[in-house]
Amino acid sequence: MERIYADVIIDLSVKNVDRAFQYRIPEHLRPSVTVGTQVTVPFGKGDTLRKGTVVGLSAIPSLEPEKLKEISSLLPGAVSVDSQMLALAWWMKDRYGSTMSQALKTVLPVKTKVTVRKERTIVAQTDREELSGLLAEAEKKNHKARARLLRALLENGRLPYRLAAQKLGTTMAVLRPFLEKHVMSLQTEDEGLWGRKPDGTGETELKGQSSQETEKLFLTGEQKQAVQKFLSDYEAGICKTYLLYGITGSGKTEVYMELISRVLEDGKQAIVLIPEISLTFQTVMRFYRRFGNRVGILNSRLSAGERYEQSMRAANGDISIMIGPRSALFAPFPNLGLIIIDEEHETAYQSETAPRYDAREVAGVRASMNHASLVLGSATPSVESFYRAGKGDYELLTLTRRAKSGSRLAGVHVVDLREELAEGNRSIFSRKLQELLRDRLDKKEQTMLFMNRRGYSSFVSCRSCGAAIKCPHCDVSLTFHRNGRLKCHYCGFERPMPDRCPVCGSPFLAPFGTGTQKLEEITKNLFPHARVLRMDGDTTAKKGAHEEILQAFYEGEADILIGTQMIVKGHDFPRVTLVGVMAADLSLYTPDFKSAERTFELLTQASGRAGRGALSGDVVIQTYTPDHFAVSSAAEQDYGQFYRQELLYRQIMKYPPAVGLLSIQLSSRNERLLGEAADTVLKEIRKRFFLEGPEVIGPAEQAPYKVNDIYRKILYIKHENYDILLQIGKSVLESELLRQKYRNVSAQYDLM
Ligand code: ADP
Ligand code: ZN
Ligand code: ZN
C-alpha cells in the first residue's frame, strides 16, 4: 500500500500543537516526501500556512480521508533532516516529556547561511632555535598571545587555526607579523597536510625537532587488553556499551584514540563527548596530533553559524570525529560507528533545559540505531553505570595503573580539622598543608587549593565537632536560609536555628562555607610572596576567562591556583605536586542523595591532579569527618570500597539505582495555585496507581523554592518498575487538570 499520509509536526513550541497532524500528500509531491522533509501546510481555523516537518508516513488515514488537509508545498532549498535524528527527537520527547519542537531544536542544528570553509593550519616555517628566540623575545615584552602561539607551535609543529583562535587567542593581528616574516605560514587543508601515515597515526614533525614527542605510544598491557576486548567484539559485529574504568592518568584517552582509529578505517565516524570544562587546548591537540583535520570541535562559545558549519562538515564528510560537550552527540554523521563519553560521571551530561535528557542515555539510543558502540569512561564511574556493569548490561574494562612510567599516585594525608582546632590552630590551613605548601614554594613547584563548594545555599555546622545539622526524617543536612531558619529540601521539614550543637552542646554554630575569595585573601596573607590565581564562577564570568586562567597556570605564571570544583576536572598540569582540599565535608551535606558520590568523586579527581608529571605529589584532605566512607575511600583511592558502601546505602534508603526514582517538578508564578496543583497531583497518583503501590514523597519545596519569581515544588515517587514510573510521569503531564484548571502550572518529570 502506498504511504500517502504524512505525520507533520508544526514548527511551534506551544503545548497544544505539540503533536503530529496528519496530512494527505498530493500526488505530484509523493516521490519527494520522506521522513525529515520540511513542508508548508495549512493549519488552524484560517488555514494559515505553517512550516512543518514530516516525522512519519503511513498508508492508513487517522480520520476519514476527506477530512484530511493536503500538504501545500515542500520548503524550497530545505535540507532534508536525517530521519534518524528525527526518530531520536521523537524518542527524547517521549522519554523526557518535552515538546517535540524542543526535542527537534536540541537534535537539529539551527540552520543559518554559511559557507563551509576548509580548515586552515598554522605551520612553522623555521627551526626550533628561531622559534625559541622569538618566544624569549615575546615573553620579555610580555606579549602573551604571541608567546602562547609560539609555545604551542614549538610543542606541536602545526596548529589548526580555528583552535588556536579559540583557545590561545591567536587573532589575525597576532599572526600577521609572523606570516610576513615567513616564520609561519597559514595553509589550507588538503589531504596529507597533517602528514598522516596510512595507519592514521599522526606525524607532525617540526624542522629540526626530534620525533620523540610525536611518536606513537606503545600501549601498556592493560590498555592493550581493553582495546583487544573491544576489537574482538567489533570484528565480530557485536555492538555493546563498555564502561572503561581507569584511574586518572591510566591512559584512557589513548585507548579512545586507538578505538577511534579502528572505526575510522571502516569509513565510519566517531563522536567524543568531553565536559566543556575539560575541553582544554592540550586535550584537543592530542586528538589533532593523531587525526589531523579530520577532527571537528564544538563548544558553547561557537556562534549559531559556526555550529551549523561544523554540522555541515560532519554531514558532508569533511570531518570524521566530533569532539565536544553534550551537544556534539547530535553531529549528523551519516555512518556513525562509535560514541565515547569521557568523564561519564559528570553532571554536565544532564541537560537542564527541556528536553532534560541524559546524554549517556540518548547516546545509548543513538548508538543502537546506528549499530555503533558506546564507551563510557571515568576514573570515578557513576554509581548507576557501575551498577549496570555489575549486572552485565555494560562490559567492564579496567585500567588500574598509571600509564606513564615513573608517574605515581600521590601520597594522601587526611587531616582532622577537629584536632587542629583542639590543638589551637584556628586557621583554615592545617599545619600539614602549611608545611607542604612552604616546601613547594621553595622548590618552585605548583599547588592547587580546592574548595569543593556546590550548590547555592550553605548548611550549618558545629565548629567544635563538625556535625552538620540534619533533618530528622531524611539523611540530608538542613539548608540555612537568610531568615535564619533551617529547612529540609527533601521533605519540607523546617526548624529555627538552634542555640547549641545537638551533638556536643557547643555554642559555636555557623553557616559553613568560606568562599574562594576569602581563601585567596588568607592565602596571600599567609604566603605573601606566592603568586596566586583564583578560578571560580566570579572570575570566569567573562568569555574566555577560564581558558586564560588555566593557560596562565599551565605556563607557570602562578604558584598557587585556588578554585572551586572547576579546577579539578581533567586538567593535566605537570608541575602541580601538591593539592589541598580545604574542607572535604562541604559537598557531603548538600541536600541530595548523591552527596556522598559527588564528594568521593571530587576528592578522587582532586587527588588525581597531584603528581601528573615526573615529580611525585602530595594531597592534603582537610576534613571534619575523616571516617566518613566517602572521605576515607577517596583517601585510599579505593573506588570498589566506596561503591560497595554506597550501594548498600542506596539499597537501604531505596534510592537509584536500587529502585527507580521519578521526580515530578511543578512550577508556577502563582504560589497558591501551585500548592493546590501539587496536592491534586499527589491525590491523582495515589488514586490512579493505587494497585501498583508506588512510594510517594512530598510535595516539598524545591531548592531554591523561588527562581525568577517562579515557585517550584517537587514530588518523588519510588518504584522498582521503571515503566510504571514513566507511565506516572506521563499521566501527570497529560492530566486534564493541568491542561485546564491548572494550566498556569507547568510540570516536568525526571526519571532516574
Ligand atoms: P587518562 O585519560 O586516563 O587520565 P591519559 O590518556 O591522559 O590518561 O594519559 C595520562 C598520561 O599518560 C598522558 O600524558 C599520556 O600521554 C600518557 N600515556 C598514556 N598511555 C601511555 C603509554 N601507553 N605509554 C606512555 N605514556 C602513556
Ligand atoms: Zn558539636
Ligand atoms: Zn527531611
Taking atom CD of Glu276 as the centre, does the number of heavy atoms from other residues, nucleotides or ligands within less than 6.0 Å exceed 12? yes
Measuring from atom [atom1] of [X] to atom [atom2] of [Y], what distance do you get when rounded to the nearest 0.5 angstrom?
X      : Y      : atom1 : atom2 : value
Asp342 : Thr283 : CG    : OG1   : 8.5 Å
Leu244 : Ser250 : CG    : OG    : 6.5 Å
Ile271 : Ser320 : CD1   : OG    : 12.0 Å
Leu602 : His345 : CG    : NE2   : 8.0 Å
Ser311 : Phe330 : OG    : CZ    : 11.5 Å
Leu163 : Phe287 : CG    : CZ    : 12.5 Å

Give the C-alpha distance, both sets of side-chain angles, the deciding distance and a yes or no for side-chain hydrogen bond (donor to acceptor under 3.5 Å, both in side chains) between Glu344 and Ser382. CA-CA 7 Å; Glu344 67 87 25; Ser382 62; 3.2 Å; yes
Residue pair Lys167, Thr280: steps toward the side chain to side chain contact (heavy atoms under 4.5 Å, CB included) verdict: CA-CA 8 Å; Lys167 299 274 183 185; Thr280 58; 5.8 Å; no
Show, in sequence, the C-alpha distance, side-chain angles and deciding distance for Glu258 and Arg290, and conclude whether the salt bridge (charged side-chain N to carboxylate O under 4.0 Å, His left out) test is met. CA-CA 10 Å; Glu258 207 56 36; Arg290 177 113 181 218; 3.2 Å; yes
So does [X] pair up with [Y], basic N to acidic O under 4.0 Å?
X      : Y      : result
Arg531 : Glu557 : no
Lys141 : Glu137 : yes
Arg326 : Glu352 : no

Applying side-chain hydrogen bond (donor to acceptor under 3.5 Å, both in side chains), run through Gln125 and Ser185 and close with a yes or a no. CA-CA 7 Å; Gln125 294 296 323; Ser185 65; 2.6 Å; yes
Least distance between heavy atoms, [X] atom then [Y] atom:
X      : Y      : result
Ala145 : Gly169 : CB-O, 3.8 Å
Lys252 : Gly246 : NZ-O, 2.7 Å
Ala164 : Ile122 : CB-CD1, 4.0 Å
Phe291 : Met257 : CZ-O, 3.4 Å
Ile319 : Arg294 : CB-O, 3.3 Å
Ala584 : Thr599 : O-CG2, 3.6 Å

Is a donor on one side and an acceptor on the other found under 3.5 Å between the side chain of [X] and the backbone of [Y]?
X      : Y      : result
Arg402 : Thr248 : yes
Glu222 : Thr400 : yes
Glu420 : Val415 : no
Asp127 : Glu130 : yes
Gln622 : Gly580 : no

Thr220/Arg401 under side chain to side chain contact (heavy atoms under 4.5 Å, CB included): CA gap, chis, key distance, verdict: CA-CA 9 Å; Thr220 64; Arg401 282 183 293 273; over 6 Å; no
Can you find a pair of side-chain heavy atoms, one from [X] and one from [Y], that are under 4.5 Å apart?
X      : Y      : answer
Met535 : Phe553 : no
Met184 : Leu149 : yes
Gln310 : Glu306 : no
Glu254 : Leu219 : yes
Glu435 : Lys432 : yes
Val619 : Ile621 : yes
Ile562 : Thr523 : yes
Met582 : Leu449 : yes

Would Lys524 and Glu520 satisfy salt bridge (charged side-chain N to carboxylate O under 4.0 Å, His left out), going step by step from the backbone distance to the final call? CA-CA 6 Å; Lys524 282 179 171 164; Glu520 181 184 20; 3.2 Å; yes
Please identify which of these residues, Ile341, Leu273, Leu298, meets the side chain to side chain contact (heavy atoms under 4.5 Å, CB included) condition with Leu329. Leu273
Please determine which of Met172, Gln187, Gln166 meets the side chain to side chain contact (heavy atoms under 4.5 Å, CB included) test together with Tyr161. Met172
Evaluate Leu159 against Phe281 for side chain to side chain contact (heavy atoms under 4.5 Å, CB included), listing each step before the verdict. CA-CA 11 Å; Leu159 303 169; Phe281 178 75; 3.8 Å; yes
Given the options Thr447, Asp559, Thr577, Arg440 meets side-chain hydrogen bond (donor to acceptor under 3.5 Å, both in side chains) only with Thr577
For a salt bridge (charged side-chain N to carboxylate O under 4.0 Å, His left out) check, start with the C-alpha distance between Glu309 and Arg162, then their side-chain angles and the critical distance, and finish with the verdict. CA-CA 12 Å; Glu309 188 189 347; Arg162 199 193 290 264; 3.4 Å; yes
What's the verdict on side chain to side chain contact (heavy atoms under 4.5 Å, CB included) for Ser278 and Glu346, showing C-alpha distance, side-chain angles and the deciding distance? CA-CA 11 Å; Ser278 312; Glu346 279 293 325; over 6 Å; no
Report the relative orientation of the aromatic rings in Tyr639 and Tyr245; use parallel for angles under 30°, tilted for 30 to 60°, perpendicular for over 60°. tilted
